[in-house]
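Have a look at the structure below before the remarks.
Protein chains get the first letters and strands the later ones, always in sequence-line order, with residue 1 at the start of each.
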Amino acid sequence: MSFQIPRGTQDILPGETEKWQYIEQTARDLCRRYNYKEIRTPIFEHTELFLRSVGDTTDIVQKEMYTFEDRGGRSITLRPEGTASVVRSFVENKMYGDPNQPIKLYYVGPMFRYERPQAGRFRQFVQFGVEVLGSHDPAIDAEVIALAMEIYRSLGLQKLKLVINSLGDAESRKAHREALINHFKQRIGEFCEDCQARLEKNPLRILDCKKDRDHELMMTAPSILDYLNDESRRYFEKVQMYLTNLGIEFEVDSRLVRGLDYYHHTTFEIMSNAEGFGAITTLCGGGRYNRLVQEIGGPETPGIGFALSIERLLAALEAENISLPVGKGIDCYVAALGEKAKDESVIIVNQLRKAGIVADKDYQDRKVKAQLKAADRLQAKYVAILGDDELDRKVINVKDMNTGEQTEVPLHSLVEYLKERLR
RNA sequence: GCGGCUAUGGCGAAGUGGUUAACGCACCAGAUUGUGGCUCUGGCAUGCGUGGGUUCGAUUCCCACUAGUCGCCCCA
């Protein structure tokens, strides 16, 4: 009997995990600097939460959720995204009462969507995300976008494209929606099936259609930007001004439609335009949601956030040929020959470790030659060689694996000797 | 959910309807019984994703399944 990993999931093995840790650490450090605090919420929630927040006409809800009934008969769903949980927690823990407003949060963790896996798409994937609750200052929109860009930049990514758009407030959205329906309604028969279905349910999404992209009505379709009321337009202009002042380049794309229903005003996407990145281009998506908190049962509170996938970030790094500075080798390998020396090596390795030196030894009963080979494979900077005769004389041979030079060092000063050289 | 391609040792990869499944890398051992990275010698798949079928005989042909991969939809 043998087992296989479930479809669309992956094991992250040593050699890879270091990269994950490095990325997560980079993101955490930046969040610290921007003064965002980590929040940890459950990996599953009541299904109803996602129906409410993500929107029941979305693909996520309609065909991608991992939903099951628990033993108590409750409908439970593995979270497909992070915002709903954060907002739920914000409301449930009455964070709106906290005097430190806005509440600036970040999270990292696995998300689940039942999709057919392909390049950059998994059933379990890890998102790093940020949510700011309680501010409707366009400057916070810019800050959130800047933070996202900063994460990519500080990992070395260059080939990025930031696209922003505004969906406006409820009034603007409504006016635009009507204009879209009027625009397409007469000739909707010329469009694909999906678009026909979208006309009444979510006409905004027609603009996102890949098939009918070149239809003449697409070219002439009313742009949301022309339907923004004064307040919405001013808001969007402010966001753009702040981004410009921060030196962040962007493109405005009035066709940028995000997949979740809860967005208002600012939406944005960061894409990779590296060669050979394949069909997946979106690294990060986010936007403002001013009605979501109310929807979940809290007081009227504006919010904005983004989520990025670590898997896609890694793919982008690979596409740009960037290798992360993750430490691999060890400081010292202790090679022992002979029964007594082996026993002693257990103690020596322990002493080295206590002194902060990355140390290891042989546990395979290998011969000296093979121990040296193992040390080489582990990229050990030094090998401390101990035989019974050295042990009798209370010394140890330290070999510098770069130069091949070997020095006899008194056992009691081995730690000092190595620390001196490893600095 | 739909379509194309793929599935051989730890990894990469050749191959054939028929008695021993190339090769390369990695690994292990020896040359060198206390010293790595180079060299040489030897070792390393009772098995060709899983299950059926065709056949005297299948890893090779057919079907299904599973998985991977690419694309569509959509998204992170």
- Message: Within the structure provided, determine whether A:I103 and A:L105 are in side-chain contact (heavy-atom separation under 4.5 Å).
- Response: yes

- Query: How would you label the contact of A:A375 with the nucleic acid (heavy atoms, under 4.0 Å): base, sugar-phosphate, or nothing?
  - Reply: nothing

- Counting side-chain heavy atoms from CB outward, which of B:C73, B:A76, B:G1 is closest to A:F125? B:A76

- Message: What I'd like to find out is whether the side chain of A:Y235 reaches to under 4.5 Å of the side chain of A:T266, using heavy atoms alone.
- Response: yes

- Is A:G8 touching bases, backbone alone, or none of the nucleic acid, heavy atoms closer than 4.0 Å? sugar-phosphate

- Using the P atoms only, state how far B:G51 lies from B:G9, rounded to an integer number of Å. 15 Å

- Message: I'd like the C1' distance from B:A13 over to B:C65, given in whole Å.
- Response: 27 Å

- Item | P spacing across the pair B:U20 / B:U46, given as an integer number of angstrom | 14 Å

Please list, for nucleotides 3-8 of chain B, all pairs of protein and nucleotide N/O atoms separated by less than 3.5 Å.
from : atom 1 : to     : atom 2 : distance (Å)
B:G3 : O6     : A:R116 : NH2    : 3.2

- Sticking with atom C1', work out how far B:U60 lies from B:A7, rounded to a whole angstrom. 14 Å

- A:E131 and A:T83: side chain donor to acceptor below 3.5 Å: yes

- Between A:Y106 and A:K104, is there a cation-pi geometry (under 6.0 Å to ring centre, at most 45° from the normal)? no

- Decide, yes or no, whether a salt bridge links A:R353 with A:D360 under the criterion of side-chain N to carboxylate O below 4.0 Å. yes

- Message: Students often get this wrong, so: under 4.0 angstrom with heavy atoms, is A:I385 touching a base, only sugar-phosphate, or nothing?
- Response: base

- Task: Return the nearest nucleotide to the side chain of A:R7; candidates are B:U69, B:G36, B:C75.
- Result: B:U69

- Task: Find the distance A:R79:CZ to B:C75:P and express it as a whole number of Å.
- Result: 20 Å

- Message: Base, sugar-phosphate or nothing for A:E390? Non-hydrogen atoms, less than 4.0 Å.
- Response: base

- Task: Could you work out which one of B:C74, B:A76, B:G68 sits closest to the side chain of A:P117?
- Result: B:G68

- Query: How long is the gap from OG1 on A:T301 to OH on A:Y289, to the nearest 0.5 Å?
  - Reply: 10.5 Å

- Item | Pairwise C1' distance for B:G49 and B:A58, with rounding to whole Å | 16 Å

- Item | A:T282 side chain, from C-beta outward: closest of B:A67, B:C70, B:A76 | B:A76

- Message: Could you write out RNA chain B as dot-bracket? Rules: Watson-Crick or G-U wobble, both distances under 3.5 Å, brackets [ ] for crossings, | for pairs with another strand, dot for unpaired.
- Response: (((((((..(((.....[....))).(((((.......))))).....(((((..]....))))))))))))....

- Its glycosidic angle compared against 90° from 0, B:G10 adopts the form anti

- Item | Pair of N/O donor and acceptor under 3.5 Å linking B:A76 base with A:E115 side chain | yes

- Message: Give me the distance, rounded to whole Å, that separates B:G15 from B:U33 when you measure between the P atoms they each carry.
- Response: 43 Å

- Could you work out the separation of B:C38 and B:U19 based on their P atoms and round it to a whole Å? 38 Å

Between N or O atoms, less than 3.5 Å apart, protein on one side and nucleotides 28-33 of chain B on the other: list the pairs.
from  : atom 1 : to     : atom 2 : distance (Å)
B:C28 : OP1    : A:R377 : NH2    : 3.4
B:G30 : OP1    : A:K367 : NZ     : 2.4

- B:G68 and B:A26: how far apart are their P atoms, nearest whole angstrom? 30 Å

- Message: What I want to check is whether an N or O donor and acceptor connect the side chain of A:Q406 with the base of B:U35 at under 3.5 Å.
- Response: yes

- Query: Got a salt bridge between A:R33 and A:E150, using NZ or NE/NH1/NH2 to carboxylate O under 4.0 Å?
  - Reply: no

- A:Y114 vs A:Y66 aromatic rings, parallel, tilted or perpendicular, using cut-offs 30° and 60°? perpendicular

- Task: For A:R312 and for A:K399, find the nucleotide of RNA chain B with the closest heavy atom, then tell me which residue's nucleotide is more 5'.
- Result: A:K399

- Query: Between A:F306 and A:F268, what is the ring plane arrangement, given parallel below 30°, perpendicular above 60°, and tilted in between?
  - Reply: perpendicular

- Message: Considering every strand and a 4.0 Å limit on heavy-atom distances, what is the contact class for A:G129: base, sugar-phosphate, or nothing?
- Response: nothing

